[in-house]
There are 2 protein chains.
Amino acid sequence: MSDRKEKVATVRRVLANEIAQAIRLRVYRPGEWLRQIDLEERFQAKRFDVRSALEELAVRKTIEHVPNRGYRVAEIDLKTYEEIRATRMILETASAAAIVTNIDDEAIARLEELARAFSHAVREGTRVDQSEVNRAFHQIMYSFCGNAVLEETIWALRDRSRGSRVTVWASHESLLRSDREHYEMMEALRVRDAGHLAAVIARHLTRVGQEERG
Amino acid sequence: MSDRKEKVATVRRVLANEIAQAIRLRVYRPGEWLRQIDLEERFQAKRFDVRSALEELAVRKTIEHVPNRGYRVAEIDLKTYEEIRATRMILETASAAAIVTNIDDEAIARLEELARAFSHAVREGTRVDQSEVNRAFHQIMYSFCGNAVLEETIWALRDRSRGSRVTVWASHESLLRSDREHYEMMEALRVRDAGHLAAVIARHLTRVGQEERG
DNA sequence: TGCAACTTAATTGGCGCCAATATAATCGCC
DNA sequence: GGCGATTATATTGGCGCCAATTAAGTTGCA
């Protein structure tokens with residue numbers, strides 16, 4: 001409508017997101033150094049833009065900056081991981097109420113699709129496939145919390161916890177449980193049961209944290 | 001202890017914090033343009049560092065970047081302000097429980113001091129004095145939530161909401177209420193009443209939001 | 001006098017060069 | 001042959017220049 005808040009997609013912003021995606025896709029793994037020359041070639045970008053993008057990601061804590069050494073994919077320690085998990089727990093369970101009131105049937109249908117896609121990925125997909133489908137599912141769900149800032153904050157935290165060396169789904173059993181929980185979440189959404197939705201989300205996050213230690 | 005996670009204070013990071021502080025102190029007001037040449041002189045920094053610092057603040061959403069126009073102090077709209085408030089509400093009330101269990105007498109004594117300093121600032125200080133003392137009070141309190149990530153997240157949101165054009169304490173009456181609430185929070189801390197602490201925090205945030213509209 | 005086109009001034013931002021630094025390789029000594 | 005010192009190589013990062021862009025100022029015309 002108005003030209004007020006037009007989001008300007010600068011080169012560095014786009015590049016930062018591309019690199020962030022590559023990190024999610026495990027092209028670059030936690031602890032790995034991101035050499036500027038490689039990035040220049042891979043993304044066909046100028047050196048300056050690469051540096052800007054890396055700086056942006058460092059501010060977002062996706063990567064870590066070591067002066068005169070460069071940038072590497074953040075490798076978060078267990079303590080920080082637990083802290084992120086706890087903070088996510090607070091925000092994600094709190095958003096359940098708003099999601100339940102705002103969600104519509106069309107969105108639930110899209111979630112249904114993604115839940116099935118996840119079931120499929122569990123059987124024949126790669127870890128990355130599973131992770132991306134799972135991401136898409138939650139992206140739709142949280143987009144209905146009706147609070148852009150809350151949404152951003154949740155995703156900032158989720159992206160940060162990617163830096164964990166431990167795999168998110170440690171066992172195949174936990175993958176199957178995540179799978180079932182997607183359907184359980186949708187059931188809670190259909191009957192507009194905020195408490196139930198929050199409970200499923202909490203259970204999911206708790207489980208992930210516990211498997212780590214065990 | 002270990003040299004592992006040594007926080008490196010680069011020039012740009014220090015400068016970014018200095019500029020952020022200047023914004024908090026209302027040296028630069030919401031909507032105002034930050035000219036790079038001015039910043040160079042004021043902070044005795046090289047142009048490149050100024051630009052890096054501005055980029056960092058833009059990523060942190062403290063300022064806003066308009067290509068070929070420059071950077072200006074973010075001027076958040078009412079909707080975003082409300083969203084930040086709602087998110088803060090979630091996080092800050094949720095941290096009450098941990099604060100209550102972790103706080104010690106020495107910290108409460110320091111809070112007592114700051115609460116008195118605030119009372120004093122209400123009577124004879126400037127808006128900025130009041131704001132900074134208030135900030136110090138909450139900084140100590142939230143530092144006892146035992147979760148560095150949660151703490152960071154809370155402060156990121158608080159700093160973002162500074163960009164609001166509306167004054168935080170609209171009336172003198174609301175200032176007095178904030179003043180009283182500091183003592184009420186300490187009382188809750190002394191008797192280890194998490195519920196009460198959360199309630200005071202919630203009341204404070206709700207009130208601030210309501211005065212805006214009214 | 002008001003408005004539009006043009007000129008001038010101020011400001012931002014892309015970019016490449018090279019010095020500073022870290023890492024790897026080589027060499028020499030024990 | 002192992003290990004420390006030294007040289008060579010690779011990589012990062014500070015910085016200044018100038019083109020591109022925008023804003024301000026000025027002139028001319030209706």
Side-chain angles (χ1 to χ4, degrees), chain A residues 2-20 22-23 27-75, chain B residues 2-20 22-23 27-75:
Chain A
S2 68
D3 54 353
R4 280 266 142 158
K5 281 278 175 180
E6 51 184 276
K7 284 281 173 192
V8 192
T10 59
V11 178
R12 74 170 62 86
R13 202 172 307 280
V14 173
L15 189 54
N17 287 333
E18 283 185 88
I19 296 173
I23 291 171
V27 175
Y28 302 104
R29 293 198 230 1
E32 195 173 338
W33 291 101
L34 298 166
R35 289 193 315 130
Q36 296 179 4
I37 298 171
D38 289 352
L39 296 172
E40 266 184 276
E41 290 180 11
R42 179 185 284 269
F43 297 99
Q44 290 297 308
K46 303 284 182 184
R47 182 171 202 104
F48 190 83
D49 289 321
V50 169
R51 271 163 65 179
S52 305
L54 290 173
E55 250 313 296
E56 173 165 341
L57 291 175
V59 174
R60 279 159 50 179
K61 306 267 181 88
T62 305
I63 63 179
E64 184 188 5
H65 177 57
V66 182
N68 295 319
R69 288 291 308 278
Y71 299 82
R72 66 177 154 190
V73 181
E75 195 171 356
Chain B
S2 68
D3 53 353
R4 282 265 142 159
K5 282 277 173 179
E6 51 184 278
K7 284 281 172 191
V8 192
T10 57
V11 177
R12 76 170 60 85
R13 200 171 307 280
V14 172
L15 189 55
N17 287 333
E18 283 185 89
I19 296 172
I23 291 171
V27 175
Y28 301 104
R29 291 195 261 316
E32 194 174 339
W33 291 100
L34 298 165
R35 291 193 313 131
Q36 296 179 5
I37 297 171
D38 290 351
L39 297 172
E40 266 184 275
E41 289 179 11
R42 179 186 284 270
F43 297 100
Q44 290 297 310
K46 304 284 182 185
R47 181 168 203 107
F48 188 82
D49 288 321
V50 169
R51 271 164 64 180
S52 305
L54 289 173
E55 250 312 297
E56 173 166 341
L57 291 175
V59 174
R60 279 159 49 179
K61 305 267 181 90
T62 305
I63 62 179
E64 185 186 3
H65 177 56
V66 182
N68 294 319
R69 288 292 307 279
Y71 299 81
R72 66 176 155 190
V73 181
E75 195 172 356

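A, B, ... follow the sequence lines: proteins, then strands. Residue 1 opens every chain. Values below: every heavy atom of this structure, side chains too, minus hydrogens, waters and symmetry copies.
- Counting heavy atoms from C-beta on, the side chains of L54(A) and L39(A) come closer than 4.5 Å.
- When each of dG13(D), dC15(D), dG14(C) is scored by its nearest atom to the side-chain atoms of H65(A), the top-ranked nucleotide is dG13(D).
- Listed nucleotides: dT12(D), dG14(D), dG16(C). Nearest to the side chain of R47(A): dT12(D).
- A heavy-atom distance below 4.5 Å is found between the side chains of R72(A) and V66(A).
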* To do: Verify salt bridge (Lys or Arg N to Asp or Glu O under 4.0 Å) between R12(B) and E55(B), making sure each step is shown before the conclusion.
  => CA-CA 10 Å; R12(B) 76 170 60 85; E55(B) 250 312 297; over 6 Å; no

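- Rounded to an integer number of Å, the gap from CH2 of W33(A) to P of dT21(C) is 17 Å.
- Rounded to whole angstrom, the span from the CZ atom of F48(A) across to the C1' atom of dC18(D) amounts to 14 Å.
- L54(A) has its CG atom 13 Å from the P atom of dG14(D), to the nearest Å.
- Heavy-atom nearest nucleotides on DNA chain C were determined for L34(B) and for K46(A), and the one closer to the 5' end corresponds to L34(B).
- Side-chain contact check for V50(A) versus F43(A): every heavy-atom pair is 4.5 Å or farther apart.
- Taking 3.5 Å as the limit, the base of dG13(D) and the side chain of R12(B) contain no donor-acceptor pair of atoms between them.
- At least one side-chain heavy atom of R69(B) sits less than 4.5 Å from a side-chain heavy atom of W33(B).
- Counting to the nearest Å, the C1' atom of dT12(C) and the CD1 atom of I63(B) are 14 Å from each other.
- Nearest heavy atom pair, residue A53(B) against residue A16(B), reads CB-N, 3.7 Å.
- Residues satisfying the salt bridge (charged side-chain N to carboxylate O under 4.0 Å, His left out) criterion with R47(B), sequence neighbours excluded, are E40(B).
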* Assess whether salt bridge (Lys or Arg N to Asp or Glu O under 4.0 Å) is satisfied between R60(A) and E56(A), documenting all intermediate values. => CA-CA 6 Å; R60(A) 279 159 50 179; E56(A) 173 165 341; 3.1 Å; yes

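- The CD atom of E64(B) sits 15 Å away from the P atom of dT12(C) (whole-angstrom rounding).
- In this structure, R51(A) places its CZ atom 10 Å from C1' of dC15(C), rounding to the nearest Å.
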Please tabulate the protein-to-nucleotide N/O contacts below 3.5 Å involving nucleotides 19-25 of chain D, giving atom names and distances.
| unit_1 | atom_1 | unit_2 | atom_2 | d |
| --- | --- | --- | --- | --- |
| dA23(D) | OP1 | R69(B) | NE | 2.6 |
| dA23(D) | OP1 | R69(B) | NH1 | 2.5 |
| dA23(D) | OP1 | R69(B) | NH2 | 3.3 |

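- Between L57(B) and Y71(B) the shortest side-chain heavy-atom distance does not fall below 4.5 Å.
- Listed in residue order, the members of residues 36-43 of chain A having a heavy atom less than 4.0 Å from DNA chain D are Q36(A), I37(A).
- Distance CG (D49(B)) to P (dG13(C)): 16 Å, rounded to an integer number of Å.
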